[in-house]
Amino acid sequence: MTQMERYILRYKGPGPKPDLDVERIRALPNTTVLDHSSRMLLVASPESELQPLINSMPDWVMSPEQTFKLPDPHPKILRRPAKRKTSK
């Protein structure tokens with residue numbers, strides 16, 4: 001079975017993304033549109049099936065989805081602070 005990878009498809013032409021192009025992308029076998037905005041789509045699809053279609057549509061670019069680990073918003077104290085010497 002082919003690996004389902006996630007890709008961001010961005011329409012770089014004038015105006016909003018064309019409905020006909022979106023329908024061509026949705027019609028690809030083994031392809032699911034996961035999210036969309038006025039100029040982008042997030043899709044799960046095998047690259048081998050998606051890349052030829054995107055190559056045939058000059059106003060579209062395709063890039064793999066990237067994820068980043070966010071830092072812990074509540075860092076933990078690893079050890080107690082050293083005792084302070086008091087002066088007399």
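Fair warning: this is a prediction, and the values are worked out from it, not measured in the lab. Sequence positions, counted from 1, serve as the residue numbers for this chain.
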Dump the intermediate steps for side-chain contact (heavy atoms from CB on, under 4.5 Å) on Y7 and E65, then the final yes or no. CA-CA 5 Å; Y7 296 94; E65 178 188 41; over 6 Å; no
Under a 3.5 Å cutoff, is there a donor and acceptor pairing between the side chains of R10 and S63? no
dist D21:CG -> L53:CG (nearest 0.5 Å) comes out at 8.0 Å
For M40, what are the other residues in its hydrophobic cluster, where any two members join if their side-chain heavy atoms are less than 4.5 angstrom apart? I8, L34, L42
Test item: K17 side-chain N/O and S37 main-chain N/O as donor-acceptor pair under 3.5 Å: yes
Between the main-chain N or O of P46 and the side-chain N or O of S48, is there a donor-acceptor pair closer than 3.5 Å? no
Taking C-beta and beyond as the side chain, do V43 and R6 meet within less than 4.5 Å on heavy atoms? no
Could you give the distance from CG (L50) to CG (N55), rounded to the nearest 0.5 Å? 9.0 Å
Going through the checks in order, is the side-chain contact (heavy atoms from CB on, under 4.5 Å) test met by E49 and N30? CA-CA 8 Å; E49 295 178 18; N30 305 313; 3.1 Å; yes
Could you state the interatomic distance from NE2 (H36) to CG (L41), rounded to the nearest 0.5 Å? 8.0 Å
I'd like to know whether I25 forms a side-chain contact (heavy atoms from CB on, under 4.5 Å) with L9, so could you lay out the CA-CA distance, the side-chain angles of the two residues, the decisive distance to 0.1 Å, and finally the verdict. CA-CA 10 Å; I25 293 164; L9 308 179; 3.8 Å; yes
Can you tell me which residue pairs pass the ring pair (Phe, Tyr, Trp, His ring centres under 6.0 Å) test with a partner in residues 43-65, sequence neighbours excluded? Y11-W60
Tell me if the CG atom of D19 is crowded by more than 12 foreign heavy atoms within 6.0 Å. no
Here the gap from Q51 atom CD to S56 atom OG, rounded to the nearest 0.5 Å, amounts to 10.0 Å
Does the R24 side chain pair with the main chain of M57, one donor and one acceptor, at a distance under 3.5 Å? no
